[in-house]
Structures are given as structure tokens and as C-alpha cells.
Amino acid sequence: MTDPDGDRRALPPWWAVLLVVVAVAGVAFAIGRFSTFGALGAGTVPTSDSPEAGFARDMQVHHGQAVEMAMDIYRTTENPDVRVLAYDIATTQSAQKGEFYDWLVKWNLPQAGGPLMAWMTDAADTAHQHVATPGASEAELLTQMGMASPAELAAMRAETGTAADCTFLALMIRHHEGALPMAQALLQLGSEPRALQVAQGVIDTQSAEIDLMTSLRRGMACTD
């Protein structure tokens, strides 16, 4: 959060962050094209019903909302810690979203297919609470993934100051908590090396961010 001299880390204006997000996604897409070639050369290409394909599709949806929420709060917050966090989430998850897209391109698979989280059915008990409920609507499945509803997003955007920051952190904690079982399920069910590496990275990064956001909420005396 701070530089070696103790000064707050300076951040660019929101429109510059948007340009960075787009650029990072493009670079990740290009890098992914080359890295995936190497990964696929050593094994079997995942199929459309594989855990890798399901993870790539669902996490694109999941990361898309995280980037959206992070950009929303980045534009409005006056809290420097929240701004740094939002910047990191927007750039990191935009890059990963681009890589997930590229995996499916390289595997010659469609970007959409099957109900959300259906690929997690065979995962161990740690993920069962997030497996798609039979007959659930898409909105219900998104809620199970930890996604914020349109009403919750609208409420956050209508707030200002600390209230908006507290709402953002609460929504993003729940959002991150929804990603962890998906990453854990891929580690249990998947076999593609790069996909497993990214899944572990999601667990490590988002677990640390949950701890950070919980601490920030405590420091701001959030009550929601």
C-alpha cells in the first residue's frame, strides 16, 4: 500500500485505469496464445465438457463483474486503500479474463456452454455447496457464485463516501468467496498444467484479498 519512503502509492485517474485494464487484457491474450501452445503440446486438449472449459467460462463471467465493481468504486472512492485495492483487482482480473478467453480459443471450444458450475458436480465436499442447484434459474446460479445482483450494484452506485466503500468491500468479499470453490474444484478435477497453476493463483490472491478487505471494513467500522 505504501512506497519505501512511507508515502501513499500514487494512482492514475480512473480513465487511465480503464486504458490499463484494456491494455493488460490484450497483453494477457497475446501471452496466453503462446503459453497455451506449450501447455497443449505436452498433453490432451481439454474437451467442451471438461473442468478446464467450465472453469474458463464461469470465471470469465465472474471476473467480468469484479472488474466492473472495481472500476465503479475506483472512480468514486476517496479512500486511498480502497483505490489501491480496486486498481489491483481491475488489472489482475482483467488479465486473467483475457487468458480464460484465449484458452477456449486455443482449444477450439465455444465461449459458452452448459449451466453455470455444472462442471463442478464431481468435486469434493468443499465445493458441493456451490454446485449448480438442479432446476435453478441463471439469476439463482449467479447468486450461488457470489455475484452481486443488479439491485445490489445499483445500491452501491447510489451511495457515496464510506457507505459506498463498505458496500463495495462487502460485495467483493462475497464475490471472492464464490470464486474459491471453483478454483478448488478445478484443482481436484483438472489436469491441464497452466489451468491448475492459475486456479492456485486465484486461491492464493483472493484469499489474501478477503483478509485485506475484512481488515479494511473493520478499520472503517462498517456495519452492513
Side-chain angles (χ1 to χ4, degrees), residues 1-25 28 58-59 61-97 126-127 129-130 142-184 187 198-224:
M1 294 288 183
T2 59
D3 64 21
D5 296 324
D7 295 325
R8 289 283 181 188
R9 175 169 144 193
L11 292 177
W14 73 265
W15 53 265
V17 176
L18 180 60
L19 293 178
V20 170
V21 167
V22 173
V24 167
D58 287 357
M59 289 302 283
V61 174
H62 207 262
H63 276 18
Q65 187 181 79
V67 172
E68 178 185 356
M69 287 197 294
M71 289 300 300
D72 282 342
I73 203 68
Y74 186 91
R75 286 192 291 265
T76 60
T77 186
E78 296 180 358
N79 185 305
D81 293 330
V82 174
R83 280 175 61 81
V84 169
L85 173 68
Y87 177 87
D88 290 342
I89 290 173
T91 53
T92 299
Q93 296 205 20
S94 180
Q96 288 182 343
K97 185 172 180 286
T126 54
Q129 59 182 319
H130 292 274
L142 290 172
T143 298
Q144 291 178 38
M145 288 171 64
M147 302 278 280
S149 69
E152 288 173 326
L153 293 176
M156 183 189 77
R157 291 164 182 154
E159 293 174 329
T160 58
T162 300
D165 293 340
C166 286
T167 298
F168 164 76
L169 292 170
L171 293 177
M172 192 61 76
I173 288 171
R174 190 181 74 196
H175 199 270
H176 277 20
E177 289 173 342
L180 297 181
M182 290 193 285
Q184 290 162 351
L187 290 179
V198 171
Q200 185 61 59
V202 167
I203 292 171
D204 295 342
T205 299
Q206 297 202 19
S207 294
E209 287 178 345
I210 288 172
D211 291 341
L212 171 60
M213 290 187 286
T214 300
S215 177
L216 289 175
R217 280 179 53 83
R218 189 179 304 115
M220 287 187 278
C222 297
T223 57
D224 57 322

| request: Give the intermediate values and the outcome of side-chain contact (heavy atoms from CB on, under 4.5 Å) for residues L85 and F168. | output: CA-CA 11 Å; L85 173 68; F168 164 76; 4.3 Å; yes

| task | Please lay out, stage by stage, how M59 and Q96 fare under the test side-chain contact (heavy atoms from CB on, under 4.5 Å). | result | CA-CA 9 Å; M59 289 302 283; Q96 288 182 343; 5.8 Å; no

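Y74 OH to D88 CG: the interatomic distance, rounded to the nearest 0.5 Å, is 10.0 Å. A distance of 10.0 Å separates CG of L169 from CE of M156, quoted to the nearest 0.5 Å. Remark: Q93 CD to T205 OG1 distance equals 9.0 Å, nearest 0.5 Å. To the nearest 0.5 Å, the span separating CD on Q184 from CD on Q200 amounts to 9.0 Å. Atom CG of D58 sits about 6.0 Å away from atom CE of M182, to the nearest 0.5 Å. Note that CG of D165 is 9.0 Å distant from CG of L216, once rounded to the nearest 0.5 Å.
In terms of modelled atom types and a separation under 3.5 Å, the side chain of Q206 and the main chain of L180 share no donor-acceptor contact.
Contacts of E152 classified as salt bridge (charged side-chain N to carboxylate O under 4.0 Å, His left out), with partners at least two apart in sequence or in another chain: R174. Under the side-chain contact (heavy atoms from CB on, under 4.5 Å) criterion, T162 pairs with C166, M220, sequence neighbours left out. For R157, the salt bridge (charged side-chain N to carboxylate O under 4.0 Å, His left out) partners are E68, D72, not counting sequence neighbours. The side chain to side chain donor-acceptor pair (under 3.5 Å) test applied to T76 returns no partner, not counting sequence neighbours. Applying the ring pair (Phe, Tyr, Trp, His ring centres under 6.0 Å) test to H175 and every residue at least two apart in sequence or in another chain returns H62.
The heavy-atom pair separating A179 from V202 by the smallest distance is CB-CG1, 4.5 Å. Nearest approach of L153 to A148, heavy atoms of both residues: CD2-CB, 3.9 Å. Taking both residues in full, the closest heavy atoms of A90 and V67 are given as O-CG2, 3.8 Å, listed atom of the first, atom of the second, then distance. Across all non-hydrogen atoms, the minimal contact from A66 to I89 is O-CG2, 4.1 Å. Nearest heavy-atom pair across L187 and A199 is CD2-CB, 4.0 Å. Nearest heavy-atom pair, V61 versus M147, reported as atom, atom and distance to 0.1 Å: O-CE, 3.6 Å.
Pairs passing the salt bridge (charged side-chain N to carboxylate O under 4.0 Å, His left out) check and including a residue from residues 206-217, sequence neighbours excluded, read R217-D224.
For the pair S215 and R218, the minimum side-chain heavy-atom distance is below 4.5 Å.
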